[in-house]
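Here's the structure, in structure tokens; my notes come after.
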Amino acid sequence: MNRVAVIGASMTEFGKREGWIRELLAEAGQACLDDADVSPHDVEHLYVSNMASGEFEGQTGIPNALAHDLGALPAYTQRIDQTSASGGAGIYASWQSVASGASDLTLLVGGEKMTHKTTAESTDIIASLTHPEEYKHGVTLPSFAGLTARRYLHEYDAPRESLARVAVKNHKNGVDNPHAQFRKEVDLETVMDSPIVADPLRLYDFCPITDGSAALMFCPESKAKEYTDDYTVISGIAGATDTHVVHQRADPTVMGAAYESSELAYQMAERNPDDIDVAELHDMFTILEFLQSEAVGFFDQGEGWKAVEEGVTDRDSELPINTSGGLKSKGHPLGASGVAQAYELHQQLRGEAGKRQVDAEVALACNVGGFGNCVTTTIMEAR
């Protein structure tokens, strides 16, 4: 297989955006073409990561429309939908297209337009990914998060404040991200006093509803220097699936798909958790940062909360997690989130993250669909 390089990356501002999904995708796609210095006519495969453009705005066929809008004809196009892990799945599909030799230039653009819907409408669209037996009882992802957080705090004797510290940390990181939806610090008291959404989780334990897009350009590493000397490499990538019915899992505090996908990604990259210098985890809810940090091997089961309490995952500490601000501060436009994780790591590995910059040569992204129903883990390295 070809070794796969990322030679360009872009990200729009996240938040409440004017325009529709096609415009957001075109904004990120054109910026990525410019960053990679690639002509749209040279793109061979064009993938769009998107969960629900039909449900959110009645727009289908968006990959074909994007190819037209960018002038990327006659590129092969495909939409990648893996719920909130669509971005990571798009990275995997793009990696496959280049690693297999099917494409020498693959453009991935992830995006979602959500803020024009009410919170109730958006929650219902997202909840449609749950199993029908759970959905008919009114189960939503926030309720899963609340139940799991309650179980975790009880099982591992973790203080409620430890979850709040995730929000405090990620908001602090988001202040220095010009693309983030929320660029404002919050203190522990503000998080702890915010309204209850799904006990014990409160408003500041949840990411916002967001519009936005992000993009990546892939090519064989053997050809990367034709475009730039400053590229990154995907050294490991894998995906896995857990039970669709969440209550069938032996332990809901264990993210099996994150464990399985990270194990395979480490094997491919010939790396281990101790090699990771910076990570982007899918903190749609604060509890998920604990669960993923344990599942990918950074900390033992039930120990993730202690790492946050001790400051281990702070930006200036030994294992920075979510330097971008995470989904919590940056925002969560479903199809874009996994792509935006890789954008952040690409910038970190190239030393172009500005005030967010940390010392990093090896990075990991974990993108989660549903409540751990499906996960893609990606390991990236500087070159």
Side-chain angles (χ1 to χ4, degrees), residues 152 156-159 161-177 180 185-188 191 232-236 253-255 258-259 261-263 265-267 269-283 286-330 340-368 377-383:
Y152 184 97
Y156 303 113
D157 197 27
E161 289 80 2
S162 62
L163 289 167
R165 292 188 194 282
V166 173
V168 171
K169 169 181 69 73
N170 292 349
H171 271 270
K172 183 177 181 180
N173 289 341
V175 169
D176 293 324
N177 185 348
E185 290 193 44
V186 296
D187 58 27
L188 196 65
V191 179
T232 59
V233 170
I234 295 180
S235 58
T253 68
V254 176
M255 298 194 75
Y259 173 84
S261 63
S262 64
E263 280 288 295
Y266 286 133
Q267 291 175 22
E270 298 182 343
R271 294 288 188 177
N272 62 64
D274 291 337
D275 294 323
I276 303 302
D277 299 314
V278 62
E280 287 286 303
L281 303 183
H282 190 103
D283 61 323
T286 52
I287 183 62
L288 288 187
E289 187 166 317
F290 291 170
L291 304 191
Q292 287 164 70
S293 67
E294 295 167 11
V296 303
F298 295 155
F299 312 112
D300 292 337
Q301 187 174 340
E303 299 288 312
W305 70 269
K306 295 180 181 179
V308 173
E309 286 272 313
E310 295 166 2
V312 173
T313 60
D314 289 352
R315 193 168 70 192
D316 59 356
S317 195
E318 55 197 271
L319 180 57
I321 290 179
N322 287 330
T323 56
S324 68
L327 279 57
K328 179 68 198 70
S329 171
K330 181 179 58 188
Q341 287 180 325
Y343 168 82
E344 173 70 14
L345 298 180
H346 182 71
Q347 296 298 91
Q348 289 285 356
L349 294 171
R350 293 199 306 177
E352 296 183 355
K355 293 181 179 180
R356 306 187 311 284
Q357 187 64 53
V358 300
D359 186 13
E361 294 292 327
V362 185
L364 178 145
C366 185
N367 189 204
V368 175
T377 301
T378 305
I379 297 173
M380 302 174 68
E381 301 192 28
R383 279 294 180 268

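Quick note: numbers below take in every heavy atom, side chains included, and nothing from hydrogens, waters or symmetry partners. Position 1 is the first residue of the sequence; numbering continues from there.
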**Study point:** Phe298/Val312 under side chain to side chain contact (heavy atoms under 4.5 Å, CB included): CA gap, chis, key distance, verdict
**Key:** CA-CA 11 Å; Phe298 295 155; Val312 173; over 6 Å; no
Review point. Rounded to the nearest 0.5 Å, how far apart are CG of Leu281 and CG of Leu327?
Key: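 If I round to the nearest 0.5 Å, the distance is 10.0 Å.
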**Study point:** Interatomic spacing from OG1 in Thr378 to CG in Asn367 - rounded to 0.5 Å
**Key:**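 Answer for the OG1-CG pair, Thr378 versus Asn367, is 8.0 Å.
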Point to revise | Side-chain H-bond candidate by donor/acceptor type, Ser262 with Thr377, under 3.5 Å | key: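 Side-chain D/A pair, Ser262 to Thr377: absent.
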Review point. Are a donor atom and an acceptor atom from the side chains of Glu294 and Tyr156 found within less than 3.5 Å of each other?
Key: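 Absent: no donor and acceptor within the cut-off.
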Review point. Which of these passes salt bridge (Lys or Arg N to Asp or Glu O under 4.0 Å) with Glu280: Lys330, Arg356, Lys328?
Key: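 Passing option: Lys330.
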Check whether any side-chain heavy atom of [X] lies under 4.5 Å from a side-chain heavy atom of [Y], and answer yes or no.
X      : Y      : value
Asp187 : Val168 : no
Cys366 : His282 : no
Tyr152 : Leu163 : no
Val166 : Trp305 : no
Phe299 : Val308 : no

Review point. Is the backbone of Glu352 close enough, under 3.5 Å, to the side chain of Gln357 for a donor and an acceptor to pair up by distance?
Key: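 Looks like yes, one N/O pair under 3.5 Å.
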Review point. Any sub-3.5 Å donor-acceptor pair from Glu161's side-chain atoms to Leu188's backbone N or O?
Key: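 Checked: no pair found.
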Practice item. Step through the shown structure and confirm whether more than 12 heavy atoms of other residues, nucleotides or ligands are within 6.0 Å of OH on Tyr259. Key: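 No - once you tally the heavy atoms of other residues, nucleotides and ligands closer than 6.0 Å, there are 12 at most.
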Practice item. Take Asn177 and Glu344 through the test side-chain hydrogen bond (donor to acceptor under 3.5 Å, both in side chains) and record every step on the way to the result. Key: CA-CA 10 Å; Asn177 185 348; Glu344 173 70 14; 4.6 Å; no
Check your understanding: Should Glu289 and Lys169 count as an ion pair when the cut-off is N to O under 4.0 Å?
Key ->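 Salt bridge present between Glu289 and Lys169.
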